[in-house]
Peer 1: 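I'd like to ask some things about the structure below.
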2 protein chains.
Amino acid sequence: MGRGRVQLKRIENKINRQVTFSKRRSGLLKKAHEISVLCDADVGLIVFSTKGKLSEYASDSSMERILERYDRYSYAEKKMKEPDLESPASWSLEHAKLKARMEVLQRNQKHYMGDELDNLSTRERQNLEHPPEGSLKHTRAREI
Amino acid sequence: MGRGRVQLKRIENKINRQVTFSKRRSGLLKKAHEISVLCDADVGLIVFSTKGKLSEYASDSSMERILERYDRYSYAEKKMKEPDLESPASWSLEHAKLKARMEVLQRNQKHYMGDELDNLSTRERQNLEHPPEGSLKHTRAREI
DNA sequence: AAATCTATGTATAAGGT
DNA sequence: TACCTTATACATAGATT
């Protein structure tokens, strides 16, 4: 592209790497959007820069919903292939991965439900249990 | 691209849409890979076709790890912005999303731990509790 | 670091096999 | 259906500001 071929290997010059990242990231996000619109595809794209900054794109549905769909699909796929009971080692690896992810989510929950819940007024707690009309609508907007 | 401009709207012709999807998907996956290598970025890409078929790309680290990182980042970001205690409605929306995702993961866990655990031999159960050396190494290969 | 400018390399829309 | 071909649109490396 541009004035010269590109070797598919890490760009060592820090400046060039950053510039190229910025250019290509926008190109990638654009293409992700295009395929989602043109082809009616559900797309989720997550990009962490070297420095750890997050960029993301999610079609129509939110990233949250796409990741849920991904989880469900991955699970269904596993069922299809019939869990490999012959190799409990690799099986327990899958389990460990799931568990690790669970723990992250649980930690989040705990913070929300525990620590921060203490700061909420009684009224706010009631809203948690019985959310005002409309506040959850988005969550159900599109079944997959 | 190609022999004519492209309107950014859903391709109505089913055949063309499928063909374009196939071409663009491979282009998108390629670009995702390129930016990850050239710019040392951590990339996760999830694409569901109209028919619901999944395609995915994940750099070095596995998709599982990228999604964990995404969860952690999202959570940290939320903390930075300081939970908006003034609007419990939107707050409970976030909570509902998290909870929904938890439930998917919990369902997966349950299937693994419940139904299918019954089919494992005693030896295999022991491996679950005390996995053989090396079986979990991959999970810790790269801290973020 | 972001914005603009171009020469050049790529992706891909149509069409063909 | 999937793989070629080719004309054209697009993306982008490198340079400049």
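The sequence lines fix the lettering, A, B, ..., with proteins before strands; numbering per chain opens at 1.
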Peer 1: Only counting residues at least two apart or in another chain, list the ones meeting salt bridge (Lys or Arg N to Asp or Glu O under 4.0 Å) with B:Arg24.
Peer 2: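 B:Arg24 satisfies salt bridge (Lys or Arg N to Asp or Glu O under 4.0 Å) with A:Glu34 once adjacent residues are dropped.
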Peer 1: Whole Å only: how far is the CZ atom of B:Arg5 from the P atom of C:dA11?
Peer 2: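 Answer to the nearest Å: 21 Å.
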Peer 1: Tell me every residue that passes side-chain hydrogen bond (donor to acceptor under 3.5 Å, both in side chains) with B:Ser55, counting only those two or more places apart in sequence or in another chain.
Peer 2: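 If we apply the side-chain hydrogen bond (donor to acceptor under 3.5 Å, both in side chains) test to B:Ser55, skipping adjacent residues, the hits are B:Arg25.
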Peer 1: Over how many whole Å does the gap from A:Leu28 atom CG to C:dA11 atom P extend?
Peer 2: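 After rounding, the reported distance stands at 12 Å.
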Peer 1: Run the side-chain donor-acceptor check on residues 4-14 of chain A: report pairs under 3.5 Å with partners two or more places apart or on a different chain.
Peer 2:
| unit_1 | atom_1 | unit_2 | atom_2 | d |
| --- | --- | --- | --- | --- |
| A:Arg10 | NH1 | B:Asp40 | OD2 | 2.9 |
| A:Asn13 | OD1 | A:Ile15 | N | 2.9 |
| A:Asn13 | OD1 | A:Asn16 | N | 2.9 |

Peer 1: Is the shortest heavy-atom distance from the side chain of B:Ile66 to the side chain of B:Ser59 under 4.5 Å?
Peer 2: yes
Peer 1: Once you apply a heavy-atom cut-off of 4.0 Å, does B:Val6 come out as touching a base, just sugar-phosphate, or nothing?
Peer 2: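 Answer is sugar-phosphate: B:Val6 comes under 4.0 Å of backbone atoms only.
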Peer 1: In whole angstrom, what separates B:Arg24's CZ from C:dA14's C1'?
Peer 2: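 My rounded result for the distance is 14 Å.
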Peer 1: How many whole angstroms separate atom CD of A:Gln18 from atom P of C:dA1?
Peer 2: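 Atom CD in A:Gln18 sits about 5 Å away from atom P in C:dA1.
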Peer 1: Closer to the 5' end of DNA chain C via nearest nucleotide, is it A:Lys31 or A:Lys51?
Peer 2: A:Lys51
Peer 1: If you link ILVMFWY side chains whenever their heavy atoms are less than 4.5 Å apart, which other residues fall into the same cluster as A:Tyr57? By chain and number, please.
Peer 2: A:Phe21, A:Leu28, A:Leu29, A:Ile35, A:Val43, A:Leu45, A:Val47, B:Phe21, B:Leu28, B:Leu29, B:Ile35, B:Val43, B:Leu45, B:Val47, B:Tyr57
Peer 1: Find out whether B:Arg65 and B:Arg69 are in side-chain contact, i.e. whether some heavy atom of one side chain is under 4.5 Å from a heavy atom of the other.
Peer 2: no
Peer 1: To the nearest 10°, let me know how far the axis at one end of the helix from C:dA2-D:dT17 to C:dT17-D:dA2 is tilted from the axis at the other, five pairs an end.
Peer 2: 40°
Peer 1: Could you state the atom-to-atom distance from CD of B:Glu34 to P of C:dG9 in whole Å?
Peer 2: 15 Å
Peer 1: Looking at CG of B:Asp60 and OG of B:Ser36, how far apart are the two atoms once the value is rounded to the nearest 0.5 Å?
Peer 2: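 Result: 6.0 Å between the selected atoms.
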Peer 1: Rounded to whole Å, please give me the gap between CG in A:Asn13 and C1' in C:dA1.
Peer 2: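 The distance from CG of A:Asn13 to C1' of C:dA1 comes to 14 Å, rounded to the nearest Å.
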Peer 1: Any protein N or O atoms within reach of nucleotides 3-6 of chain C? Criterion: under 3.5 Å, listing atom names and distances.
Peer 2:
| unit_1 | atom_1 | unit_2 | atom_2 | d |
| --- | --- | --- | --- | --- |
| C:dT6 | O2 | A:Arg3 | NE | 3.2 |
| C:dT6 | O2 | A:Arg3 | NH2 | 2.8 |

Peer 1: For B:Gln18, give me all partners under side-chain hydrogen bond (donor to acceptor under 3.5 Å, both in side chains), at least two apart in sequence or on another chain.
Peer 2: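 Per chain and number, B:Gln18 pairs via side-chain hydrogen bond (donor to acceptor under 3.5 Å, both in side chains) with no residue.
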Peer 1: Mind checking A:Thr20 for me? I need base, sugar-phosphate or nothing, with any heavy atom below 4.0 Å counting as a touch.
Peer 2: sugar-phosphate
Peer 1: Let me know the distance between CD1 of B:Ile15 and C1' of C:dG16, rounded to the nearest Å.
Peer 2: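 Rounded to the whole Å, the gap is 16 Å.
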Peer 1: Are B:Met63 and B:Leu54 connected in a single hydrophobic cluster, I mean Ile/Leu/Val/Met/Phe/Trp/Tyr linked by side-chain heavy atoms less than 4.5 Å apart?
Peer 2: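 Yes, because B:Leu54 and B:Met63 connect within a single hydrophobic cluster, where side-chain heavy atoms sit under 4.5 Å apart.
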Peer 1: Whole angstrom is fine here: how far is it from CZ in B:Phe21 over to C1' in C:dA11?
Peer 2: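 For the pair B:Phe21 CZ and C:dA11 C1', the rounded distance is 16 Å.
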Peer 1: A:Val37, B:Ile46: one ILVMFWY side-chain cluster at the under-4.5 Å cut-off?
Peer 2: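 Result: no, two separate clusters.
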Peer 1: Mind running ring pair (Phe, Tyr, Trp, His ring centres under 6.0 Å) on B:Tyr70 and A:Phe48 for me, showing each step along the way?
Peer 2: CA-CA 9 Å; B:Tyr70 179 80; A:Phe48 285 100; 7.3 Å; no
Peer 1: Using chain A heavy atoms and a threshold of under 4.0 Å, write down where along DNA chain D the contacts begin and end, 5' to 3'.
Peer 2: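 Nucleotide range in contact with chain A: D:dA11 to D:dG14.
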